[in-house]
Amino acid sequence: MSERERTFVMVKPDGVNRGLVGEVISRLEDRGLKLVGAKFMQIDEDLAHEHYGEHEGKPFFEGLVDFITSDPVVAMVWEGQDATRQVRKMMGETDPAESAPGTIRGDYGLDLGRNVIHGSDHEDPGANEREISLFFDDDELVDWEREDETWLYE
Ligand code: IDP
Ligand code: MG
């Protein structure tokens, strides 16, 4: 059985401007994931470079940094069984045009550069922990038990 773990999720500036923050949170909550940290913030240039460091040098990198720093985001940490992989499944593919209806990107996006949500890559070991610590101090994360947790897990 998969471990309960924490993953980093962010509603990007397009999602914030389009009023999709509540929708994203609702979907993750309804699935049974537990919110343990959240921050409404604007990302500065340095943080953008660190967060997207793996893409530095790629043709879309500067545009990506401009976009992600352009307006506020909602940075969050969600906890649950196999959380990183499950959130990625709920997000869809990187390109909304290739994302199945029913996924967040498949329901709310059309363009690769405006794909509403970020989630840690489950295929990149340690990406979740690395991204969480980039955006949150330990004392900004809350250990708590959801009232329905005993009904979510066997
Ligand atoms: P992911 O967000 O699904 O993990 P990554 O490959 O890590 O996808 O790329 C990070 C972000 O960079 C994407 O979510 C998207 O916003 C942007 N991006 C990736 N590839 C392209 C591209 O070819 N053109 C424009 N933007 C891109
Ligand atoms: Mg990625």
Side-chain angles (χ1 to χ4, degrees), residues 1-138 140-141:
M1 199 207 297
S2 300
E3 297 281 309
R4 288 193 212 176
E5 61 177 23
R6 289 177 173 181
T7 190
F8 178 69
V9 177
M10 176 166 70
V11 182
K12 297 182 179 183
D14 54 338
V16 172
N17 276 282
R18 294 176 55 206
L20 295 173
V21 173
E23 179 64 35
V24 169
I25 290 176
S26 279
R27 286 184 180 218
L28 301 177
E29 273 186 322
D30 288 353
R31 186 80 193 279
L33 291 159
K34 178 167 69 179
L35 185 62
V36 296
K39 217 183 257 194
F40 184 72
M41 61 182 284
Q42 191 152 359
I43 296 179
D44 66 23
E45 194 96 358
D46 287 347
L47 181 56
H49 275 79
E50 263 195 277
H51 176 63
Y52 281 126
E54 64 175 306
H55 299 300
E56 207 142 3
K58 294 182 185 169
F60 63 85
F61 182 71
E62 289 309 324
L64 176 60
V65 169
D66 286 350
F67 162 62
I68 211 70
T69 58
S70 66
D71 250 345
V73 301
V74 179
M76 295 174 281
V77 179
W78 288 85
E79 186 183 295
Q81 189 167 286
D82 196 30
T84 311
R85 193 165 70 95
Q86 296 308 321
V87 168
R88 290 292 304 203
K89 284 168 67 172
M90 294 171 76
M91 284 166 52
E93 305 301 319
T94 300
D95 188 349
E98 302 303 325
S99 299
T103 64
I104 293 167
R105 286 167 170 173
D107 284 348
Y108 296 108
L110 292 165
D111 190 85
L112 176 55
R114 298 290 182 269
N115 59 10
V116 180
I117 184 172
H118 168 86
S120 302
D121 187 351
H122 67 289
E123 289 175 335
D124 180 2
N128 51 352
E129 293 300 330
R130 192 170 65 245
E131 292 177 350
I132 289 167
S133 59
L134 201 53
F135 283 82
F136 289 90
D137 294 329
D138 284 347
E140 293 176 313
L141 303 176

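Residues: numbered from 1 along the sequence shown. Numbering of ligands and ligand atoms starts at 1, following listing order.
- Ligand 1 places these atoms under 4.0 Å from at least one heavy atom of K12: 13 (C), 14 (O), 16 (O).
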Return all side-chain donor-acceptor pairs below 3.5 angstrom for residues 43-51, not counting sequence neighbours, or 'none' if the list is empty.
from: D44; atom 1: OD1; to: D46; atom 2: N; distance (Å): 3.2
from: D44; atom 1: OD1; to: L47; atom 2: N; distance (Å): 2.8
from: H49; atom 1: ND1; to: E45; atom 2: O; distance (Å): 2.9

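- Counting the atoms of ligand 1 from 1 in the order shown, those under 4.0 Å from a heavy atom of R88 are 1 (P), 3 (O), 4 (O).
- In terms of protein heavy-atom proximity, atom 25 (C) of ligand 1 is closest to F60 CB, 3.5 Å.
- Residue contacts with ligand 1 for H55 involve side-chain atoms from C-beta outward but no N, CA, C or O (heavy atoms, distance under 4.0 Å).
- In terms of polar-atom proximity, defined here as any N/O pair under 3.5 Å, H118 makes no such contact with ligand 1.
- With no hydrogens or angles considered, a side-chain donor-acceptor pair links E131 and S120 at under 3.5 Å.
- When each atom of ligand 1 is checked for a heavy atom of T94 under 4.0 Å away, the hits are 1 (P), 3 (O), 8 (O), 13 (C).
- Of all the heavy atoms of H122, none lies under 4.0 Å from any atom of ligand 1, so neither backbone nor side chain is involved.
- The proximity of E93 to ligand 1, defined as any non-hydrogen pair under 4.0 Å, does not occur for either the backbone or the side chain.
- For D71 and N17, the side-chain atoms include at least one donor-acceptor pair closer than 3.5 Å.
- Contact atoms of ligand 1 toward L112: 15 (C), 16 (O), 21 (C), 22 (C), 23 (O), 24 (N), 27 (C) (distance under 4.0 Å to a heavy atom of the residue).
- Taking a 6.0 Å sphere around CG of L134, one finds it holds more than 12 heavy atoms contributed by other residues, nucleotides or ligands.
- Residue contacts with ligand 1 for Y52 involve side-chain atoms from C-beta outward but no N, CA, C or O (heavy atoms, distance under 4.0 Å).
- Under 4.0 angstrom from ligand 1, the non-hydrogen atoms of L64 all belong to its side chain.
- Ligand 1 places these atoms under 4.0 Å from at least one heavy atom of N115: 13 (C), 14 (O), 15 (C), 16 (O).
- Residue E79 is tested with R31, K34, R4 for a salt bridge (Lys or Arg N to Asp or Glu O under 4.0 Å); the sole match is K34.
- Taking distance alone, with nitrogen or oxygen atoms compared against 3.5 Å, R105 approaches ligand 1 more closely than that limit.
- With 3.5 Å as the limit, one finds a donor-acceptor pair spanning the side chains of N128 and T84.
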